[in-house]
Amino acid sequence: MKKVPVLEIFGPTIQGEGMVIGQKTMFVRTAGCDYSCSWCDSAFTWDGSAKDDIRQMTAEEIWSELVELGGDRFSHVTISGGNPALLGNLQEFVTLLKDNGKQIAIETQGSRYQEWLKQIDDLTISPKPPSSGMKTDFEKLDHIIQKLTREETSQSISLKVVVFNEQDLFYAKNVHKRYRDIPFYLQVGNEDVHGSDTEHLVQHLLKKYEWLIDQVILDSDLNAVRVLPQLHTLVWGNKRGV
Ligand SMILES: C[S@@+](CC[C@H](N)C(=O)[O-])C[C@H]1O[C@@H](n2cnc3c(N)ncnc32)[C@H](O)[C@@H]1O
Ligand SMILES: Nc1nc2[nH]cc(C(=O)O)c2c(=O)[nH]1
Ligand code: SF4
Ligand SMILES: [Mg+2]
């Protein structure tokens, strides 16, 4: 049986971000990333700090744990990371979820392609703006998006760019322009991913959300975008496993 490196399995909770925000979902967080974003809120998946917590799991083992946690109280599973699209071995888990009638969402940055991505119901691709310190390979991203949109499927795809400053917003506008037909989300960036004062954090994030809304209101290039906060951060702050 093929195994995948897993760092967290949790839920039911709500999807706090993007195209299915508010959806009740389970989460599976895989280990390992090909990026190292300066502000990553899940850096423990790749910076070595949680390397002793990584479990090499089969699809069946992950499924058992989901059912143990969620019972019959879930119909939707979100796979995030790290970058789950590094893992060809996730095919078996994706098939198992489909066989059990579950909807699947994925969070990935669009740097790697896997055939199983075509079987994901809610696919979020989140290219990284300049504040992350990462550089987008747009030819690669073109190629991946082309592969995923070539055939008519029931899959929903969206793009989501996290914005920390004006330069990021400029980047986001270019991504939106390049892939006009793909639903586009702007997300408030959280600068303080280690803080434990939730009340203070929430006040700050709501101010940033207001700033981002104001930018969108003023800009005719952004008439079709959706602007969202990270809902889970507004509710639970930087708590892990929610
Ligand atoms: C932790 S990442 C994992 C999936 C994949 N590596 C990616 O980046 O899309 C999940 C989502 O969280 C977003 N994210 C990470 N750190 C964040 C932060 N400090 N503030 C807001 N969003 C953040 C990412 O941009 C991505 O959309
Ligand atoms: N509730 C909740 N929603 C989320 N949406 C994307 C998340 C992620 O870390 O990928 C996330 C997460 O960690 N928790
Ligand atoms: S791509 Fe995603 S998981 Fe990887 S470092 Fe960036 S935000 Fe974190
Ligand atoms: Mg998160």
Side-chain angles (χ1 to χ4, degrees), residues 5-47 50 70 74 76-87 90 104-114 117 120 122-136 141 144 157-165 168-169 171-172 175 184-195 201-202 204-206 208-209 212 226-242:
V6 175
L7 259 175
E8 291 185 313
I9 299 175
F10 61 91
T13 181
I14 51 123
Q15 170 54 266
E17 303 177 16
M19 64 194 296
V20 289
I21 193 165
Q23 168 70 52
K24 182 175 171 182
T25 189
M26 301 295 291
F27 272 87
V28 176
R29 193 182 302 285
T30 60
C33 194
D34 46 329
Y35 280 15
S36 52
C37 301
S38 61
W39 36 252
C40 180
D41 64 9
S42 306
F44 61 92
T45 61
W46 52 265
D47 69 3
F74 73 99
H76 190 276
V77 176
T78 303
I79 306 170
S80 186
N83 186 5
L86 295 176
L87 305 168
L90 272 172
I104 314 175
I106 197 112
E107 304 271 337
T108 185
Q109 63 265 40
S111 57
R112 296 290 183 91
Y113 179 78
Q114 296 289 344
L117 283 172
I120 303 298
D122 308 312
L123 179 71
T124 295
I125 300 179
S126 183
K128 297 297 177 266
S131 64
S132 68
M134 300 297 110
K135 206 161 164 46
T136 306
L141 186 58
I144 291 171
I157 302 184
S158 73
L159 285 159
K160 175 175 78 182
V161 175
V162 177
V163 174
F164 284 80
N165 55 40
D168 288 353
L169 192 61
Y171 168 93
V175 173
F184 192 81
Y185 291 78
L186 291 173
Q187 174 164 303
V188 176
N190 175 9
E191 286 150 345
D192 177 23
V193 294
H194 298 297
L201 177 65
V202 168
H204 181 66
L205 290 172
L206 286 174
K208 300 277 297 204
Y209 186 32
L212 194 52
R226 296 171 191 191
V227 196
L228 289 175
Q230 284 181 300
L231 204 49
H232 54 103
T233 311
L234 296 183
V235 177
W236 295 296
N238 288 321
K239 192 171 159 190
R240 238 171 92 169
V242 287

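Counting starts at 1 for both ligands and their atoms, in listed order. Nothing here was measured: the structure is a model prediction, and the numbers come from that model. All residue numbers refer to positions in the sequence shown, counting from 1. Atoms considered below: every heavy atom in the structure, side chains included; atoms not considered: hydrogens, waters and symmetry mates.
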Quick look: Arg29 vs ligand 2, heavy-atom contacts under 4.0 Å, and the answer is side chain
Contact with ligand 2 for Phe27, non-hydrogen, under 4.0 angstrom: yes
Please check this pair: side chain of Asp168 against backbone of Ser131, looking for a donor-acceptor N/O pair closer than 3.5 Å. yes
Identify, by atom number and element, the atoms of ligand 2 in contact range of Val242, meaning under 4.0 Å from any of its heavy atoms. 1 (N), 2 (C), 12 (C), 13 (O), 14 (N)
When you compare the side chain of Val161 with that of Tyr185, does any pair of heavy atoms fall below 4.5 Å? no
Would you say the side chain of Thr233 lies within less than 4.5 Å of the side chain of Val202, judging by non-hydrogen atoms? no
Whether the side chain of Gln114 engages the backbone of Ala85 through a donor-acceptor N/O pair (distance < 3.5 Å, no angle test) should be reported. yes
May I ask you to decide if Thr25's main-chain N or O and Gln23's side chain share a donor-acceptor pair within less than 3.5 Å? no
Every residue of the protein that comes under 4.0 Å of ligand 1, judged on heavy atoms: Glu17, Trp39, Cys40, Asp41, Ser42, Ser80, Gly81, Gly82, Glu107, Thr108, Gln109, Ser126, Lys128, Lys160, Val162, Phe164, Gln187, Val188, Gly189, Asn190, Val193, Gln230
Those atoms of ligand 2 less than 4.0 Å from some heavy atom in Glu107: 6 (C), 10 (O)
Nitrogen or oxygen of Lys160 less than 3.5 angstrom from that of ligand 2: no
So, using side-chain hydrogen bond (donor to acceptor under 3.5 Å, both in side chains) as the criterion, who are the partners of Glu8 when residues are at least two apart? Arg29, Arg240
Check for a donor-acceptor pair, side chain of Thr45 on one end and backbone N or O of Gly82 on the other, with a separation under 3.5 Å. yes
Pair Asn83-Glu107, side-chain donor/acceptor within less than 3.5 Å: no
Looking at residues at least two apart in the chain, or sitting in another chain, which of them share a ring-ring contact (aromatic ring centres under 6.0 Å, His included) with Tyr209? none
Give the numbers and elements of all ligand 2 atoms closer than 4.0 Å to a heavy atom of Gln15. 3 (N), 4 (C), 5 (N), 6 (C)
Using a 4.0 Å heavy-atom cut-off, say whether Ile14 meets ligand 2 through its side chain, its backbone, both or neither. backbone
When you measure from atom 3 (N) of ligand 2 to every protein heavy atom, which one gives the shortest distance, and what is it? Gly16 N, 2.9 Å
Under the ring-ring contact (aromatic ring centres under 6.0 Å, His included) test, residues paired with Phe164 that sit two or more places apart: Trp39
Shortest protein contact, atom 8 (C) of ligand 2 (heavy atom only): Ser80 OG, 3.6 Å
